[in-house]
Amino acid sequence: YVALVDAGDAIQGAPIGKLSSGEVFTRLMNAVGYDFAIPGNHEFDYGMERFLEISKLLNCGYYSSNFVDASGQNVLPAFKILSFGETKVAFVGATTPSTLSSSTPIFFQDAYGNYIYGFCEDKTGKKLYANLQKTVDAVRMQGVNYVVLVAHLGMEGSEKIWSSEAVAENVSGIDVIIDGHSHEVNPAYLVQGKDGNHVIITQTGTKLQNIGQLTISVDGKLSTKLISGLTTKDPVLEEVIAKEKAAFEAILQQPLGEALVPLYSKHPETGERLVRKQECNVANLVADSFRKVLNTDIALVNGGGIRRDIPQGIFTYKDILELLPFGNMCAVKEVTGQQILDALEMGVYELPAESGGFLHVSGLTYVVDATIPTSVVRDEKGNFIKVDGAYRVQEVKVAGKPLVLDKVYSVASNSY
């Protein structure tokens with residue numbers, strides 16, 4: 001007995017996904033035969049209307065216990081029970097509440113900026129725990145033998161109160177968490193659950209780096225492991241994949257320019273990701289390009305939107321779509337110096353840890369004193385409210401001159 005499940009972010013991150021607004025990867029998932037899938041934060045990157053369209057195209061459907069509308073009703077089914085002989089397994093979906101800020105916030109709002117969708121977010125995590133506990137209790141009442149939480153929550157770099165570890169510690173009745181979001185390679189991590197039993201948390205990495213295998217043996221024991229290095233290919237699926245790729249090959253192979261030096265988002269020697277915590281030259285190129293093309297005073301580009309390096313030599317449209325995989329438009333906004341200062345401060349509030357909101361700049365320089373404790377105040381959805389103390393960001397200069405807090409500047413960025 002085999003079930004194939006996905007823990008989110010399946011339809012975004014590669015050029016043919018972006019160019020088809022997720023439809024190509026949905027067709028490929030149908031061809032492979034998925035049994036259960038959940039939306040990660042990037043399933044929403046093409047907009048809510050498009051996500052709801054895509055969810056109808058995915059044969060197995062999407063599931064999420066904590067994705068709710070303004071009235072608190074589930075937008076998607078919360079769980080799916082599969083029977084393997086006499087053994088019943090409940091698969092429950094969970095999507096990180098940080099989706100409200102890690103995808104485009106306006107996709108979850110009405111025309112007046114009111115949130116009409118949510119993920120059971122609050123400042124304590126209790127709302128998420130209560131939602132998942134209610135669902136787990138409901139499937140246990142149906143006599144299932146095992147509960148598997150398929151979650152896009154993450155641990156490393158994720159909001160601690162919404163992490164898979166926090167859920168395991170605060171929700172009873174979960175046997176295994178198949179996790180996503182933080183791209184960790186984790187064969188099996190044991191956490192003592194709320195009911196005293198050990199919960200296995202496992203995660204496969206990213207981009208099919210590994211296949212995760214959860215086994216329920218005939219004696220009822222659970223085990224997980226990661227499988228890599230598979231070489232055998234299914235000829236039917238290979239033909240489907242080749243056909244999908246061929247439809248976009250001409251546009252993707254268009255040459256756009258030449259990199260005279262390697263452009264990096266990671267450390268060129270260690271491979272450590274830098275783009276979410278410090279300056280790097282590929283991000284400088286992106287920010288400079290925005291400012292040059294849009295003719296603004298400055299440009300601000302979030303590090304989380306920059307997803308690869310560009311090798312030295314000719315680069316193509318495909319390379320740029322892999323560098324900037326998300327469906328953002330270029331945008332210009334006029335803002336005050338105070339708003340710029342606050343945006344920079346929000347970008348560094350997690351330093352020295354990584355943050356997708358770390359801002360790369362053009363036309364502007366600034367200094368960060370990471371020894372100053374962050375005093376950024378955010379609301380329960382993760383949005384900036386104010387700085388309630390000393391700023392970590394200092395010595396901000398625009399075109400070599402000190403930032404004027406009440407002056408209006410033109411800023412280039414992306415629509416996210």
Side-chain angles (χ1 to χ4, degrees), residues 9 11-15 17-22 40-51 98-109 113 256-257 263-265 273-310 315 317-336 339-350 354-364 366 381-384 393 398 408-416:
D9 286 3
I11 63 172
Q12 173 61 287
K18 180 174 180 176
L19 292 174
S20 66
S21 296
N41 53 302
H42 290 302
E43 257 71 31
F44 299 97
D45 284 354
Y46 308 113
M48 184 60 69
E49 184 178 346
R50 181 58 174 168
F51 168 72
S98 66
T99 296
L100 292 173
S101 57
S102 56
S103 189
T104 302
I106 60 171
F107 292 160
F108 306 96
Q109 301 170 354
L256 294 187
L263 302 171
Y264 59 86
S265 61
R273 185 165 63 181
L274 303 177
V275 72
R276 297 183 179 216
K277 59 184 180 181
Q278 71 179 65
E279 190 175 21
C280 50
N281 64 357
V282 74
N284 286 340
L285 173 65
V286 174
D288 287 346
S289 299
F290 274 36
R291 183 170 67 95
K292 177 71 173 178
V293 170
L294 298 174
N295 192 29
T296 55
D297 298 319
I298 67 171
L300 302 176
V301 176
N302 57 305
I306 296 172
R307 291 303 179 103
R308 62 160 284 182
D309 299 343
I310 298 290
F315 57 84
Y317 187 45
K318 178 175 182 286
D319 294 321
I320 297 303
L321 288 182
E322 290 177 348
L323 173 71
L324 303 168
F326 305 120
N328 298 307
M329 300 296 289
C330 290
V332 175
K333 199 162 183 71
E334 291 191 332
V335 301
T336 65
Q339 289 174 307
I340 292 169
L341 178 61
D342 289 340
L344 295 172
E345 187 71 14
M346 179 69 174
V348 302
Y349 84 96
E350 289 192 271
E354 289 189 348
S355 169
F358 180 83
L359 290 177
H360 298 272
V361 299
S362 177
L364 177 149
Y366 66 101
K381 300 181 187 330
N383 297 312
F384 176 88
V393 171
V398 178
V408 173
Y409 298 88
S410 59
V411 179
S413 192
N414 55 56
S415 53
Y416 165 74

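No experiment lies behind these values; they were computed from the predicted model shown.
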>> Suppose we screen for ring pair (Phe, Tyr, Trp, His ring centres under 6.0 Å). Which residues come up paired with Tyr416, at least two apart in sequence or across chains?
In response: none
> What distance separates Leu100 CG from Phe107 CZ, expressed to the nearest 0.5 Å?
Replying inline: 13.0 Å
> When you look at Gln339 and Asp342, which way does the side-chain contact (heavy atoms from CB on, under 4.5 Å) test go after all the steps?
Replying inline: CA-CA 5 Å; Gln339 289 174 307; Asp342 289 340; 5.6 Å; no
> Just how far is it from atom CE of Met346 to atom OG of Ser355, taken to the nearest 0.5 Å?
Replying inline: 7.5 Å
> What are the two closest heavy atoms between His360 and Gly303, and how far apart are they?
Replying inline: CD2-CA, 3.8 Å
> What's the shortest heavy-atom distance between Val275 and Phe358, and which atoms?
Replying inline: O-CD2, 3.8 Å
> How many angstroms lie between atom OG of Ser362 and atom CZ of Phe290, to the nearest 0.5 angstrom?
Replying inline: 11.0 Å
> What residue among Ile298, Ile340, Val361 forms side-chain contact (heavy atoms from CB on, under 4.5 Å) with Val398?
Replying inline: Ile298
> Roughly how far apart are Ser265 OG and Ile310 CD1, rounded to 0.5 Å?
Replying inline: 9.0 Å
>> If I take atom CG from residue Leu294 and atom OG from residue Ser413, how far apart are they, to the nearest 0.5 angstrom?
In response: 9.5 Å
> Do the charged groups of Arg308 and Glu322 touch, with an N to O distance under 4.0 Å?
Replying inline: yes
> side-chain contact (heavy atoms from CB on, under 4.5 Å) between Phe315 and Leu323: does it pass, once the steps are laid out?
Replying inline: CA-CA 11 Å; Phe315 57 84; Leu323 173 71; over 6 Å; no
>> Any non-hydrogen side-chain atom of Phe108 less than 4.5 Å from a side-chain atom of Ser103?
In response: yes
>> How close do Ala287 and Ala299 get, counting heavy atoms only, and between which atoms?
In response: O-CB, 3.3 Å
>> Let's go through Val332 and Val411 carefully: what are the C-alpha distance in whole Å and the side-chain angles of both, what is the deciding distance for side-chain contact (heavy atoms from CB on, under 4.5 Å) to 0.1 Å, and is it a yes or a no?
In response: CA-CA 6 Å; Val332 175; Val411 179; over 6 Å; no
> Shortest non-hydrogen contact from Leu324 to Gly305?
Replying inline: CD2-O, 3.7 Å
> Could you give all pairs that pass the salt bridge (Lys or Arg N to Asp or Glu O under 4.0 Å) test and reach residues 281-307, with sequence neighbours left out?
Replying inline: none
>> Using every non-hydrogen atom in the two residues, find where Gly356 and Asn302 come nearest and quote the distance to one decimal.
In response: O-CB, 3.5 Å
> Hey, what's the ring geometry for Phe326 with His42, parallel, tilted or perpendicular (30° and 60° as the breaks)?
Replying inline: parallel
> Can you find a side-chain donor-acceptor pair between Asp45 and Asn328 that sits under 3.5 Å?
Replying inline: no
>> One pair to check against side-chain contact (heavy atoms from CB on, under 4.5 Å): Ser415 and Met329. What are the steps and the verdict?
In response: CA-CA 5 Å; Ser415 53; Met329 300 296 289; 4.2 Å; yes
> How many angstroms lie between OH in Tyr366 and CD in Glu345, if you round to the nearest 0.5 Å?
Replying inline: 10.0 Å
